[in-house]
Number of protein chains: 2
Amino acid sequence: MDRTWAIPGLDLHLELGAGGRAAALEHGLRSAITEGRLAAGTRLPASRTLAADLGIARNSIADVYAQLTAEGWLEARVGAGTWVSRRAAEPTTQATDAATAPRPGLDLRGGIPDASSFPRRAWAAAARYAVLNAPAAGLGYAPDRGTVALRASLAEYLGRVRGVAATADRTIVTRGFGELLSLTCRALASEGARRIAVEEVGHEAHREIVRAAGLAPVPVRVDTGGAVIEELGDVDAVLLTAAHQFPVGVPLSPSRRRAVVEWAERTGGLVIEDDYDGEFRYDRRAVGALQALAPRHVLYAGTASKSLAPAVGLAWAVVPERLLAPISAQRRLTGATSDVLNQRTLERFIAAHDYDRNVRRLRAEYRARRLALEARVADDLPGCRITGLAAGLHCLLELPPATSEMQVTEAAERLGLRFDGLASFRLAGSEWRHPPAMVVGYGAPPSHRFDEAIDVAIRAIRSVDTG
Amino acid sequence: MDRTWAIPGLDLHLELGAGGRAAALEHGLRSAITEGRLAAGTRLPASRTLAADLGIARNSIADVYAQLTAEGWLEARVGAGTWVSRRAAEPTTQATDAATAPRPGLDLRGGIPDASSFPRRAWAAAARYAVLNAPAAGLGYAPDRGTVALRASLAEYLGRVRGVAATADRTIVTRGFGELLSLTCRALASEGARRIAVEEVGHEAHREIVRAAGLAPVPVRVDTGGAVIEELGDVDAVLLTAAHQFPVGVPLSPSRRRAVVEWAERTGGLVIEDDYDGEFRYDRRAVGALQALAPRHVLYAGTASKSLAPAVGLAWAVVPERLLAPISAQRRLTGATSDVLNQRTLERFIAAHDYDRNVRRLRAEYRARRLALEARVADDLPGCRITGLAAGLHCLLELPPATSEMQVTEAAERLGLRFDGLASFRLAGSEWRHPPAMVVGYGAPPSHRFDEAIDVAIRAIRSVDTG
């Protein structure tokens, strides 16, 4: 005979003792709370519901609740039912996002878009459309390259805006550039690749992903014409920010664009084109994607993290045919399935012209910030200058020759501003030589704090002995 | 002097020739379409807009459009503007989801929930709430364990419904169980683990993920008491479907629950508890999570793929303290960042009691299907019987002793039904002995096709020589 019974909706396991069901309920609830199995804030079923479910008189349930409320285990709130008392149980929420969330204060780090400008209403409308209109078959496990409709829509968009030679068949969707880079490098490693050239300044997070995938990152020098392709060593692939080097801010020169394509065609090596901010150029038409020059040798990668927000969690790539199957295989092997509802939302967002609209709006906003920054530096920081393309979300602010980037970063931090020096992006082991400079991520602050962030940056620089 | 100019909104690169801007526009558009840089269906800017942007008379633009329309490159639709003609360009969408999407037809595969029951309106409302109410700082890159609020909310839920000893600090969110398993196995491997016991019948996809992470899967026998813990060899971890073995459908026996915890405490090994359908039990209270017996040795894993839909793309785990940092490290190294908006949507969905409501509704639905299936088998398939707990989304349908599972699968396929035999889940190399049986995933069909799917399954079985 089963000597236990359950409380619906709570899944409490109660032993039936001599005192009957009401006593067992009281005892069971009390020990569940003291042992932490019922967390503070948990709402108990209404006494009427529980009475019906358990076959106990409603008054008996009410008595149990009243007793435990009297003891301090429960709290009754008029019209809101009965809850496990906050002070009764162990605290369950001591976690904070402090380690990874932006600190309160100001931020001029590179590569961060202004999330306060995210088009919330348009995105919410697209999400609603996506979930209400998805066919039932489309709510299951995702096709491993992403939904067909989104891939077709991205192929059209990338062809139109970035000149990418894209077809839906060769377009894949991932949940961020990091995942895409990881899958691509693992696919290369699975086919025997061992070394990948990376620009000697860039994101350390990307280099970590490359190493974890089994490839050795080999630095390639960066000068005012971008990565020095002539010096590419014996590598199987190269990772380039061709349109707008991060963090130096220059484009790959026309002769080097040709050179890297020739290198790829000659050696069979892969070019990974990280086009993270290709939609944002302010002075003239953006240089088209390198990928269009050699679609069989260049993997083009883009992301919603800059053009929308990192919280969207989507990136995309147009992939040479031969890498499609190896990347899909790595996807299965790492459990990196795609989230269909999110993809359907982006698809609708693009179809409703909201993506184009948002890029246009952001382009105007960032362009204005860039011009304001240039004017402020010209006025207030003699001896400093802004370099890098009028593009994207960041530029360099070159400091007078003997200035310490680290001292500027530290001075800024004391003033509540996150502000990185150029050398902090250097790959250890590279022979990096560049005049001291700060990376100014003018996309990062919300509009209403942009002037303040620039003020603080200028104060920080002025506070440091500039030789 | 710059000899090129751009078309806003299209990013076409036109060479200025002798014939003037209108001629260059006509030529540029034509070649962009023939070369596929402008995809079929691309909408061109209104002639008025383009005229203003380019400083060309509007009539000239209209003439260019008319000429290209006449040539068949463009299509004009009254009131809807001018588009690149469908028949002009290469087809860009030849991809299909056929390889991975459910085939049209009927499906009784195990582990698939009825996506037609997805609570679309409630999810859309939660998505809307999430995106409209997220703080701007919450739209950036995600905290690597997931948002604090969702983790707290899941900790509370898992404690209440599954008896998990959970705190927000030790709860993490991933984008699916596959990713979670990959990260966990990679974390174990990074700390020196080499071998993991897996139930001798289960998902091959999980074993592939285990292997790719650098661990050797070692089969552990499964009998009517679940995995035979007494026979666990020299392994560093064990992956168990303790509440409801997949696909056999039995729970791990009480003595083996104790035994595996003792094993973990004695050896320091990790138990990964894959609680994929723990919310669904129909006859009595579900057995609580194994994890509560030894929170320092058991990693509890749950997923939204069964309780909501795979398209949601979220799973969660409550993790022993010592594995939190290694799992976070693997997450960075594989670029497996989390998508904040999706997490905020689930958080809101839970807070609005829609998650509980959906589980209750599904439980009633699946319970009714299970009972109907049992009745049909008793009536129509003498010599067969249903085994496995009255729980979850699947059970076994045992066939008469000499029946071929493969023949039933093939017969079903000819009738348009996907229907797997038990042996198809066997890990190669295990000494699996079990009477022939089909795995019936009664969750898979939409409600309106459930009876039809069962009819077809019965016809398929009857059509095979049952010894």
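The sequence lines fix the lettering, A, B, ..., with proteins before strands; numbering per chain opens at 1.
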Inset, instruction - Answer with side chain, backbone, both or neither: which region of A/Ala130 has an atom nearer than 4.5 Å to a non-hydrogen atom of chain B? - result: neither
Inset, instruction - Tell me, for A/Ile209 versus chain B, whether the close heavy atoms (under 4.5 Å) come from the side chain, the backbone, both or neither. - result: both
Legend entry - Interface residue of largest heavy-atom contact number with chain B, from A/Ala124, A/Ala125, A/Ala336, under 4.5 Å: A/Ala124
Inset, instruction - Looking only at non-hydrogen atoms, find the nearest pair between B/Gly140 and A/Pro310 and report the distance. - result: C-CB, 3.4 Å
Legend entry - Any B/Asp339 side-chain heavy atom under 4.5 Å of A/Asp339 side chain: yes
Legend entry - Heavy-atom pair with the smallest gap, counting every atom of B/Ala127 and A/Ala127: CB-CB, 4.2 Å
Legend entry - Under 4.5 Å from a heavy atom of chain B, the part of A/Ala165 involved: neither
Inset, instruction - For atom CZ of A/Arg121, decide whether the heavy atoms of other residues, nucleotides or ligands shown that lie under 6.0 angstrom number more than 12. - result: no
Legend entry - Ionic contact status for B/Arg332 with A/Glu204, cut-off 4.0 Å: no
Inset, instruction - Quick one: closest heavy-atom pair of B/Thr42 and A/Glu156, and the distance? - result: OG1-OE2, 2.9 Å
Legend entry - Pick from B/Gly178, B/Gly335, B/Ala311 with the largest number of heavy-atom pairs that fall under 4.5 Å of chain A: B/Ala311
Inset, instruction - Begin with the C-alpha distance, continue with both residues' side-chain angles, and end with the deciding distance and a verdict on side-chain contact (heavy atoms from CB on, under 4.5 Å) for A/Arg186 and B/Thr334. - result: CA-CA 10 Å; A/Arg186 285 169 200 271; B/Thr334 54; 3.4 Å; yes
Inset, instruction - Under 4.5 Å heavy-atom distance to chain B, tell me which part of A/Pro446 shows up: side chain, backbone, both or neither. - result: neither
Legend entry - Leading residue by heavy atom contact count with chain A [cutoff under 4.5 Å; candidates B/Ala213, B/Ser305, B/Ala292]: B/Ser305
Inset, instruction - Could you check which of B/Gly313, B/Ala115, B/Ser117 has the highest count of heavy-atom pairs closer than 4.5 Å to chain A? - result: B/Ala115
Legend entry - Approximate separation, where rounding is to 0.5 Å, of A/Asn342 CG and B/Leu341 CG: 7.5 Å
Legend entry - Contact summary for A/Leu139 and B/Ala309, nearest pair of heavy atoms: O-CB, 3.5 Å
Legend entry - Side chains of A/Arg128 and B/Arg128 in contact at under 4.5 Å (non-hydrogen atoms): no
Legend entry - Between B/Arg175, B/Glu208, B/Arg145, the one whose heavy-atom pairs under 4.5 Å with chain A are most numerous: B/Arg175
Legend entry - Considering all heavy atoms, the nearest A/Arg120-B/Leu132 contact: NH1-O, 3.5 Å
Inset, instruction - Name the region of B/His206, side chain, backbone, both or neither, that has any atom closer than 4.5 Å to a heavy atom of chain A. - result: neither
Legend entry - Electrostatic pair B/Glu179:A/Arg331 at N-O distance under 4.0 angstrom: no
Inset, instruction - Look up atom CG in A/Asp356 and atom CZ in B/Arg43, then write down how far apart they are to the nearest 0.5 Å. - result: 11.0 Å
Legend entry - Contact leader toward chain A among B/Ala134, B/Ala205, B/Cys185, where contacts are heavy-atom pairs under 4.5 Å: B/Ala134
